Amino acid sequence: MAETVKKKVIFSGIQPTGVFTLGNYLGALQNWVKLQDEYRCVYSVVDLHSLTVRQDPKQLRANSLNSLALLLACGIDPEKSVLFLQSHAYTHTELAWVLDCYIPFGELSRMTQFKDKSQRHPENINAGLFNYPALMAADILAYNADLVPVGVDQKQHLELTRNVAARFNGIYGDTFVVPEPYIPKEGGKIMSLADPTKKMSKSDDNPKAFISILDTPETVVKKIKSAVTDSEAEVAYREGKDGVNNLLTIYSVCSGVSIAEAEREFASAGYGDFKLAVAEAVNARLRPVREEYARLIEDKAYLTQCCRQGAERALAISSRILTKVYKKVGLVAK
Ligand code: TYM
């Protein structure tokens, strides 16, 4: 009889704090889509994480459903993968509390994202922001995920997740799978178009700094034309050319050619022509996503049904793991 090989598990999440950027798409989402056939994938719109920064309630509600539609438009198939809103699975916050009790204060205070966000929002340095990585660890460990497709910026959080999983296993015996990050070789860190030493972020105050995956083709052209480069007029990937390096990376990932090939292709081109080619490659990648989104966002009944089905499936998996953890630490079964 043929032996059935158990599929490995993938977990990843994205915050519904605005329309996803090209950085989110190239660094994470396109891998989410690719991995669906080979793995058991669980993907979440992590609405609870976004509460660590003050949100407008109406806007957050709208953004959460829009984010779900965007993920579907990118190619997440709700029949193949579990797709849900984080707040619909109580297991995440309950597991986060337990994990919090196994993460040293010092480890949390070393997180660069905590330091960055505290600097950007000095008026609201709250305990949730500090504990953010514990909730993220719970997201991942509640599904015993083997792999976590993310961009480079989440590497440190993944390291903390691995540490707490290993620490817990060391005390109570094998409980959690210790997950590995899955970061693309190229595109793991797409930089801001306005300041290519900073990562592209959907919460940047300057809209010219990022491309949102729903920007019109004309807007994409305009934003890329105004991207910061340098005065050398040479399309080459090397140290000190952050702006050009970023555009070459975007071109390479969007059009599927290597950076070396792209350098050859534009060896005699000026920045103007090069930028137009980059914008075209981006638009070719984003066009089908925009079209599918426009269709899906009209179908609220379908989106609500996706949420419900996703939450049910997420809870079925994560509640088993939560029960196991409660038992291990000595809580009385219900
Ligand atoms: P978030 O919402 O900031 O971003 C979602 C994903 O996009 C990646 N990303 C980028 N990749 C390349 N270049 C960029 N400029 C860029 N900007 C963002 C991020 O690395 C991420 O993979 N903490 C997470 C959400 C989260 C999560 C989780 C992720 C919560 N729980 C569990 C994985 C597993 C975050 O804020 O992602």
Side-chain angles (χ1 to χ4, degrees), residues 4 6-16 39-52 60 64 81-111 113-114 126-148 154 156-181 306-334:
T4 48
K6 216 173 147 230
K7 278 189 176 178
K8 287 197 170 185
V9 178
I10 297 264
F11 182 94
S12 202
I14 188 161
Q15 295 195 62
Y39 297 88
R40 274 181 71 198
C41 297
V42 183
Y43 296 131
S44 184
V45 172
V46 290
D47 47 2
L48 293 169
H49 274 102
S50 58
L51 297 180
T52 53
L60 177 60
S64 299
S81 301
V82 177
L83 178 63
F84 69 109
L85 301 184
Q86 184 188 32
S87 61
H88 289 183
Y90 68 89
T91 41
H92 293 230
T93 39
E94 291 199 14
L95 181 58
W97 172 253
V98 177
L99 296 179
D100 253 328
C101 301
Y102 295 83
I103 304 174
F105 182 90
E107 216 169 297
L108 284 171
S109 46
R110 279 195 294 277
M111 294 294 114
Q113 190 161 311
F114 170 69
N126 59 69
L129 195 60
F130 189 71
N131 287 342
Y132 182 113
L135 181 57
M136 183 159 159
D139 296 339
I140 298 165
L141 301 181
Y143 299 86
N144 267 335
D146 298 279
L147 281 183
V148 185
Q154 297 302 316
Q156 198 185 27
H157 288 161
L158 249 293
E159 209 41 56
L160 181 138
T161 303
R162 288 169 54 81
N163 287 346
V164 68
R167 190 174 301 123
F168 194 98
N169 288 349
I171 303 171
Y172 299 103
D174 269 357
T175 310
F176 296 122
V177 170
V178 179
E180 299 279 346
C306 274
C307 274
R308 206 168 295 141
Q309 171 186 304
E312 237 171 66
R313 293 168 66 193
L315 274 169
I317 307 169
S318 55
S319 58
R320 261 187 285 125
I321 291 171
L322 182 67
T323 303
K324 189 169 165 188
V325 170
Y326 273 10
K327 193 169 164 199
K328 292 235 174 175
V329 297
L331 302 176
V332 176
K334 271 192 252 180

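Below, all heavy atoms of this structure are taken into account, side chains as well, without hydrogens, waters or symmetry copies. All of these numbers come straight from a predicted model, not from anything done at the bench.
- Counting heavy atoms from C-beta on, the side chains of His49 and Asp139 come closer than 4.5 Å.
- A heavy-atom distance below 4.5 Å is not found between the side chains of Arg313 and Phe84.
- Taken to the nearest 0.5 Å, the NZ atom of Lys7 stands 8.0 Å off from the SG atom of Cys41.
- Nearest heavy-atom pair across Pro179 and Leu141 is CD-CD2, 4.0 Å.
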| said: Show, in sequence, the C-alpha distance, side-chain angles and deciding distance for Tyr102 and Val329, and conclude whether the side chain to side chain contact (heavy atoms under 4.5 Å, CB included) test is met. | reply: CA-CA 11 Å; Tyr102 295 83; Val329 297; 3.5 Å; yes
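- Using a 30° and 60° split on the angle between ring planes, Phe11 and His92 fall in the tilted class, from 30° to 60°.
- Side chain of Thr175 to backbone of Gly173: a donor-acceptor contact under 3.5 angstrom is found.
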| task | Run the numbers on Phe168 and Val325 for side chain to side chain contact (heavy atoms under 4.5 Å, CB included), then give the verdict. | result | CA-CA 10 Å; Phe168 194 98; Val325 170; 3.8 Å; yes
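- Using a 4.5 Å cut-off on side-chain heavy atoms (C-beta onward), Ser81 and Val42 make no contact.
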| task | Quick one: do Lys334 and Thr323 satisfy side chain to side chain contact (heavy atoms under 4.5 Å, CB included)? Show the steps, please. | result | CA-CA 10 Å; Lys334 271 192 252 180; Thr323 303; over 6 Å; no
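- Separating the CD atom in Glu159 from the CZ atom in Arg110 is a distance of 11.5 Å, to the nearest 0.5 Å.
- Once rounded to the nearest 0.5 Å, the distance linking CG of Leu83 with SG of Cys307 reads 7.5 Å.
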| request: Give the intermediate values and the outcome of side chain to side chain contact (heavy atoms under 4.5 Å, CB included) for residues Tyr90 and Leu322. | output: CA-CA 10 Å; Tyr90 68 89; Leu322 182 67; 4.1 Å; yes
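- Aromatic pair Phe130/Phe105: ring centres closer than 6.0 Å.
- Between Leu85 atom CG and Leu48 atom CG the span is 9.5 Å, to the nearest 0.5 Å.
- Side-chain contact annotation: Ser64 with Asp47, donor-acceptor N/O pair under 3.5 Å absent.
- Distance alone, capped at 3.5 Å, is enough to place a donor-acceptor pair between the Asn126 side chain and the Leu129 backbone.
- At least one side-chain heavy atom of Pro16 sits under 4.5 Å from a side-chain heavy atom of Leu60.
- If you take CD on Gln86 and CG on Leu51, they are separated by 9.0 Å, rounding to the nearest 0.5 Å.
- For the pair His88/Glu312, no side-chain contact is recorded, criterion being any heavy-atom separation below 4.5 Å from C-beta on.
- Of all heavy-atom pairs between Ala89 and Leu315, the closest is CA-CD2, 3.9 Å.
- For the pair Ser318 and Thr91, the tightest heavy-atom approach, listed with the atom from each and the gap, is OG-OG1, 2.8 Å.
- Taking the side chain as every heavy atom from C-beta outward, Leu147 and Tyr39 approach each other to under 4.5 Å.
- The minimum heavy-atom distance between Gly106 and Ser109, with the atom names listed, is O-OG, 2.9 Å.
- Applying the 6.0 Å contact sphere to CZ of Arg40 captures no more than 12 heavy atoms from other residues, nucleotides or ligands.
- A 4.5 Å side-chain heavy-atom check between Ile321 and Phe176 finds at least one atom pair inside the cut-off.
- Exactly one residue among Leu158, Val46, Leu160, Leu99 makes a side-chain contact (heavy atoms from CB on, under 4.5 Å) with Met136. That residue is Leu158.
- Between His157 and Phe114, the ring centre distance reaches or exceeds 6.0 Å.
- For Lys328, the NZ atom sits in a packed shell: over 12 heavy atoms of surrounding residues, nucleotides or ligands are nearer than 6.0 Å.
- Between the side chain of Asn144 and the main chain of Val177, a donor-acceptor pair closer than 3.5 Å is present.
- Look at Arg167 and Glu107 and you find a salt bridge, because one of the NZ, NE, NH1 or NH2 atoms lies within 4.0 Å of a carboxylate O, short of that distance.
- Annotation: the span from Leu95 atom CG to Ser319 atom OG amounts to 11.5 Å, rounded to 0.5 Å.
- Contact check for Val148 versus Ile10: no side-chain heavy atoms found under the 4.5 Å cut-off.
- Atom NZ of Lys327 has 12 or fewer neighbouring heavy atoms from other residues, nucleotides or ligands inside a 6.0 Å radius.
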